[in-house]
Amino acid sequence: MTVCSERIEMPLDAVHEVELELRAAGVPSPRVDAEILVADVLGIARSELYSSSSPVTAYERERLDELVRRRRRREPLAYILGEWGFRRLLLKVDERALIPRPETEVVVERCLAFLDNFVQPRVLDVGVGSGAIALAIADEHQGAEVVAVDSSEHALSLARENKERAGVNGRVSLVVGDLLSEVEGPFDLVVSNPPYVTPEEYDTLQPEIRLYEPYEAVVGVDVGAKVAASARALLRPGGRLVLECGDGQSAALAEALRSLGYADVVETQDLAARERVVEGEWRP
Ligand SMILES: C[S@@+](CC[C@H](N)C(=O)[O-])C[C@H]1O[C@@H](n2cnc3c(N)ncnc32)[C@H](O)[C@@H]1O
């Protein structure tokens with residue numbers, strides 16, 4: 001008789017072990033990340049971890065070890081999973097572009113609220129990255145035609161792949177260029193989530209951002225105000241500008257919009273009750 005010495009590992013045992021490993025590596029939310037990684041490898045929903053009675057196979061354990069190694073090196077969970085939810089879309093994400101953030105969903109919300117009255121609006125997204133804003137607008141407003149620009153060819157190649165996945169029927173054009181220099185108006189809406197972390201703040205950011213996300217997608221000074229200044233030449237009268245900004249930057253950005261001639265300037269909070277979106281109407 002042969003005695004099998006291999007240990008049978010159940011999903012929750014694996015979660016517990018991974019949690020300890022991630023905690024030791026300083027990962028900020030080790031339990032949640034452990035659950036997400038184990039569920040991903042097993043191909044089940046996170047909630048099913050608590051009822052699953054299938055042991056982890058040797059092959060799954062090997063895959064899990066590889067993902068945990070990456071997370072221990074502080075690679076963002078989104079890049080490890082390769083996909084990330086943004087509004088109704090499941091976007092491909094990797095080091096070519098910034099991971100779409102929840103506060104940017106509020107930016108899209110504000111854009112859609114404005115576009116509600118339009119049948120076929122022309123929209124410009126400055127700094128498209130993975131495609132999050134441009135594709136979500138095209139996905140949720142069936143008549144919107146979106147031009148989306150980025151200075152990074154890497155980001156644009158990812159946005160192109162996400163455009164295919166989103167199936168937005170040729171209503172999104174991707175353009176390489178510096179801010180608004182390569183696009184022609186007029187637009188009903190200009191939206192941007194520009195890089196807005198100052199070089200000083202950058203050094204204090206977590207390793208997930210500093211080691212993996214593109215520097216040019218994160219760091220920028222007064223880029224929002226530059227977009228606001230240039231957008232005046234491209235917006236139709238009555239058109240709207242919607243900008244995301246960093247925590248603590250909204251009052252100064254709102255003031256910049258007013259001094260550039262925008263009216264009806266509004267600041268909107270994100271889900272954490274911080275003013276992160278500033279918008280205004282172009283009334284020449
Ligand atoms: C904060 S990310 C936003 C990405 C995406 N829109 C999102 O919300 O997830 C800023 C993007 O602006 C792009 N960018 C930075 N400077 C730029 C410039 N001068 N002209 C055009 N795009 C620029 C970066 O490459 C990056 O993709």
Side-chain angles (χ1 to χ4, degrees), residues 76 78-79 83-112 123-140 144 146-163 165-166 168 172-183 187 189-199 201-202 205 208-210 212-231 234 241-247 249 253 268 270-271 276-279:
Y79 287 161
E83 289 183 327
W84 205 241
F86 184 79
R87 293 190 65 95
R88 306 193 314 198
L89 302 173
L90 188 59
L91 297 170
K92 183 171 176 183
V93 287
D94 59 37
E95 288 180 45
R96 285 176 288 176
L98 192 95
I99 300 159
R101 305 295 207 269
E103 53 271 26
T104 308
E105 299 202 7
V106 179
V107 172
V108 173
E109 192 67 47
R110 295 304 306 158
C111 292
L112 291 170
V123 177
L124 172 64
D125 175 13
V126 183
V128 66
S130 64
I133 297 175
L135 297 175
I137 290 175
D139 177 52
E140 294 185 56
V146 187
V147 177
V149 63
D150 208 292
S151 53
S152 158
E153 290 279 10
H154 293 297
L156 284 167
S157 70
L158 180 61
R160 222 166 277 129
E161 290 171 31
N162 278 321
K163 182 181 148 178
R165 287 164 70 110
V168 284
V172 177
S173 352
L174 299 167
V175 177
V176 63
D178 180 28
L179 298 181
L180 293 79
S181 61
E182 299 302 320
V183 288
F187 292 98
L189 171 73
V190 174
V191 55
S192 183
N193 172 17
Y196 50 67
V197 171
T198 64
E201 281 169 332
Y202 184 72
L205 297 181
E208 280 82 352
I209 300 174
R210 282 187 289 106
Y212 293 93
E213 294 197 270
Y215 182 87
E216 68 277 11
V218 177
V219 177
V221 178
D222 291 337
V223 185
K226 283 180 201 153
V227 171
S230 308
L234 299 184
L241 170 74
V242 178
L243 296 171
E244 182 172 322
C245 66
D247 191 12
Q249 297 178 352
L253 185 58
T268 304
D270 65 9
L271 302 172
R276 299 293 300 279
V277 187
V278 179
E279 62 190 82

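One-based numbering, in listed order, for ligands and for the atoms of each.
Residues satisfying the side-chain hydrogen bond (donor to acceptor under 3.5 Å, both in side chains) criterion with R87, sequence neighbours excluded, are E109, E140. For the side-chain hydrogen bond (donor to acceptor under 3.5 Å, both in side chains) test, no residue two or more places apart in sequence or in another chain qualifies with E105.
Within the structure, salt bridge (Lys or Arg N to Asp or Glu O under 4.0 Å) pairs that include any residue of residues 148-162 comprise K92-E161, R96-E161 (at least two apart or interchain).
Near ligand 1, L98, P100, T104, G127, V128, G129, I133, D150, S151, S152, G177, D178, L179, N193, P194, P195, E216, A217 each place a heavy atom less than 4.0 angstrom from the ligand.
Between L156 and V128, the closest side-chain pair of non-hydrogen atoms falls below 4.5 Å.
The environment of D270 atom CG is dense: over 12 non-hydrogen atoms of other residues, nucleotides or ligands sit within 6.0 angstrom.
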* **Residues E244, Y196; criterion side chain to side chain donor-acceptor pair (under 3.5 Å); working and verdict** => CA-CA 9 Å; E244 182 172 322; Y196 50 67; 2.6 Å; yes

